[in-house]
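Here is the structure we will look at.
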Amino acid sequence: MPAAVATNKMRLFNSPAKHSTPLRKPIPKWVDKARVSGPSSIQEQARQLPIAKGKDALVREIRANDVTVLLGETGSGKTTQVPQYLLEAGLAESGLIGITQPRKVAAISLATRVSSEQGTFVGGRVGYAVRFDEKAGPDTRIKYMTDGMLTRELLGDPLLSKYAVIVIDEAHERTLRTDLLLANLKRILRKRNGDTRGKGKDKEKRNPLKVVIMSATLDAEKFSQFFYKADNIPSKYITALRARRTTSTPHCARSFQIHVDQPPGDVLIFLPGQEDIESLEKSVDLFARQLPIGQPEVIVVPMFASLPGSQLQRIFAATPRGKRKCILATNIAETSITIPGVRYVIDTGKSKEKRYLAGLTGGGLDTLMTRDITQSSAMQRAGRAGREGPGFCYRLYTEAAFNAMAPSAEPEIMRCSLAQAILQLLCLGQDIQELDLMDTPDVDAISSALRTLFLLGALDSHRELTPLGRAMASFPLEPQHARAVIASKDLACTAEVLDIVSILAASSKLFIDATDKRAEIAEARRALVHRAGDHLTLLNTVRAYRAAGADEDADENKEKVGRSARREWARAHFVNERTLKEAKAIREQLCVSCTRAGIDWKTSCGEREEPVLLSLAHGLAQNAALIAPDGSYKQIMGQSVVKIHPGSSMADRKVPAIIYDELVYTNQIYARGVSSISKSFFATLGAFNRREV
DNA sequence: TGGGGATTT
């Protein structure tokens with residue numbers, strides 16, 4: 001460990017336990033009782049969850065109120081049990097029970113769990129709906145889904161009339177989609193449950209809706225206030241369904257004393273970014289080699305989102321007897337990936353945070369900074385220890401530092417680009433400035449997004465949605481990318497633009513960059529690099545991947561051979577196959593959207609590159625810069641001087657003009673996803689000419 | 001010369 005970390009004060013926190021004797025701190029007795037009962041049926045386990053005791057009272061409250069806010073920590077069983085209680089109580093007779101989750105994996109695994117508790121198959125009484133995957137049928141009463149999925153349903157059914165109950169889970173995370181849902185639920189409650197109270201007869205005809213908000217942090221009362229204030233929507237705030245208690249004991253230790261002093265169990269260390277992980281990996285390896293004879297061997301495993309899929313197997317592989325796994329992870333291990341066998345968590349208290357700064361002229365800017373985590377994150381990180389037994393969390397900061405942390409993260413709506421959200425709301429006939437949101441974004445962020453939408457042609461000068469804007473909103477893409485797809489129709493290069501845009505819309509990066517293999521990687525990828533820049537390099541890569549093993553695909557029996565040839569190709573070129581697979585699924589969805597919008601997605605421009613770049617430039621008109629006499633690049637719209645990101649194929653190249661996907665400010669303002677474009681292109685862009693309007 | 005993490009009929 002770096003000295004700075006090793007000498008910091010640490011705190012010892014007791015974490016949740018399921019069985020066996022706790023290591024240091026006694027586990028509260030009632031938790032013990034709930035967890036120690038030995039092997040039993042899955043239904044029996046459900047009955048023993050802490051929440052089960054409050055079942056009747058809970059159902060009574062939900063029945064009596066339109067909105068119920070439920071505070072309960074992860075593991076209290078609320079997400080799996082509450083929907084079943086409501087089903088049993090007959091609250092799903094007039095419609096579905098929908099439960100939203102911020103993440104796809106959670107929606108799927110919860111549906112699977114609850115299905116088996118109900119003794120049915122997934123897609124029967126209990127189902128789920130996430131992008132690219134839906135298992136729900138006519139018998140489905142309980143549906144787990146991503147919050148994005150329900151937001152999409154809103155566009156087609158503004159009153160969500162299929163649902164009798166909507167449960168918003170993990171509401172404290174305040175994702176953009178959760179916030180948009182909360183605002184719309186308030187509107188729906190007014191419509192479906194009536195403006196005035198006490199007219200019971202009418203109420204039944206109106207198909208009333210029940211809303212349950214679940215939060216894991218103390219700001220739960222804010223949700224209750226949100227629904228009650230102004231509207232007097234009957235809402236109830238129920239406290240503390242605690243599944244675990246986190247107690248703290250001051251504790252100083254050198255970090256690797258865990259390994260020397262503590263019983264077996266893997267160690268999970270939370271760090272801000274890839275750079276920190278790679279440098280600590282070296283230190284830990286060095287430490288491991290200097291261990292006295294007889295000490296167990298240490299296996300160091302890095303973990304961050306851009307790692308290739310093959311690395312993931314190392315994380316989930318069981319630790320051999322007599323060895324100890326030490327996982328160095330970013331925030332990815334906080335919520336999205338659960339690693340079995342972790343008994344000790346070391347929390348540095350830091351994470352990287354992306355924040356969007358709206359620009360008044362030249363689009364926006366993302367900042368990426370290392371910051372202190374929130375108390376909510378700290379508790380989540382601690383909870384990652386001891387999921388299968390007693391566990392411990394060593395916090396590398398003082399209790400005072402913990403108390404100084406923000407209780408929970410600022411809502412996403414306050415720190416992201418609003419262009420896509422505003423466009424979707426306009427399709428619903430809603431104005432973001434009139435919408436009753438829990439937190440209202442800055443007026444600058446709204447004006448900036450409106451300006452972007454205007455430049456893209458989605459809005460006219462009266463802020464009215466144009467037919468082009470409506471067409472853009474029909475794509476599950478950011479407005480800039482949707483604009484590029486639409487532009488590709490007239491430029492006859494839709495196939496190529498879809499290839500590029502689907503990669504840009506994928507969640508992880510296409511290229512894998514290990515610092516220590518830079519020369520090898522450059523050599524392997526040389527044939528893929530296009531001199532016009534990153535967008536056409538992406539296109540080359542997608543095409544080459546598709547071509548690898550394509551011959552075998554003709555024969556059904558050899559399809560497997562084709563798949564393994566592609567996997568091998570991706571590995572050899574340091575390309576993330578997971579990204580390519582995700583992009584393929586996105587592309588298929590985009591083809592459906594194209595057909596609906598009257599765009600022939602098969603139209604290809606072959607090897608011509610100009611139409612592709614011009615289509616992209618229609619979407620990225622605001623993201624353009626010209627070279628200055630001193631060799632730097634200056635934005636066309638906006639005043640920033642931007643530097644081409646070192647990871648770009650255009651780094652160190654001097655061309656007259658560039659377009660880029662985004663600006664990221666770390667130490668300097670870097671343009672990422674850069675292509676060279678002829679200056680004369682801008683003269684042909686209507687958006688560019690309208691920029692002063 | 002540098003890359004926290006989710007999500008979309």
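Lettering of chains follows the sequences in order, A, B, ..., and the numbering in each one begins at 1.
- A:Arg483 places a side-chain N or O within donor-acceptor distance of the main-chain N or O of A:Leu456, the cut-off being under 3.5 Å.
- In A:Arg371, the CZ atom is not crowded: 12 or fewer heavy atoms of neighbouring residues, nucleotides or ligands sit closer than 6.0 Å.
- Base contact: A:Leu368 has a heavy atom under 4.0 Å from a base atom.
- When heavy atoms are screened at a 4.0 angstrom cut-off, A:Lys104 is found touching the sugar-phosphate backbone but no base atom.
- Checking A:Ile337 against A:Phe475, the closest nucleotide of DNA chain B that is more toward the 5' end is the one next to A:Ile337.
- Among the protein residues, A:Val664 comes within range of no part of the nucleic acid, since none of its heavy atoms lies under 4.0 Å from any strand.
- A donor-acceptor distance shorter than 3.5 angstrom exists from the side chain of A:Asp276 to the backbone of A:Gly273, with no hydrogens or angles considered.
- Contact annotation for A:Leu155: no contact, since no heavy-atom pair falls under 4.0 Å across all strands.
- Protein chain A contacts DNA chain B over a range whose 5' and 3' limits, counting nucleotides with an atom under 4.0 angstrom from a non-hydrogen atom, are B:dT1 to B:dT9.
- Applying the side-chain contact (heavy atoms from CB on, under 4.5 Å) criterion to A:Lys282, with sequence neighbours excluded, gives no partner residue.
- Counting non-hydrogen atoms under 4.0 angstrom, A:Gln420 reaches a base of the nucleic acid.
- Partners of A:Glu410 according to the side-chain contact (heavy atoms from CB on, under 4.5 Å) rule, which considers only residues two or more places apart in sequence or in another chain, are A:Arg355, A:Met414, A:Arg415.
- Residue A:Ser474 is in base contact, counting any heavy-atom pair closer than 4.0 Å across all strands shown.
- Using a 4.0 Å heavy-atom criterion, one finds that A:Arg177 contacts the bases of the nucleic acid, with or without backbone contacts as well.
- More than 12 heavy-atom neighbours from other residues, nucleotides or ligands sit within 6.0 angstrom of CG on A:Asp630.
- Checking side-chain atoms of A:Asp157 against main-chain N and O of A:Glu153 turns up no donor-acceptor pair under 3.5 Å.
- Nucleic acid contact class of A:Arg518 (heavy atoms, under 4.0 Å, all strands): base.
- Positionally, the nearest nucleotide of DNA chain B for A:Phe304 lies more toward the 5' end than for the other of A:Phe304 and A:Leu477.
- Using a 4.0 Å heavy-atom cutoff across all strands shown, A:Ser507 reaches at least one base atom of the nucleic acid.
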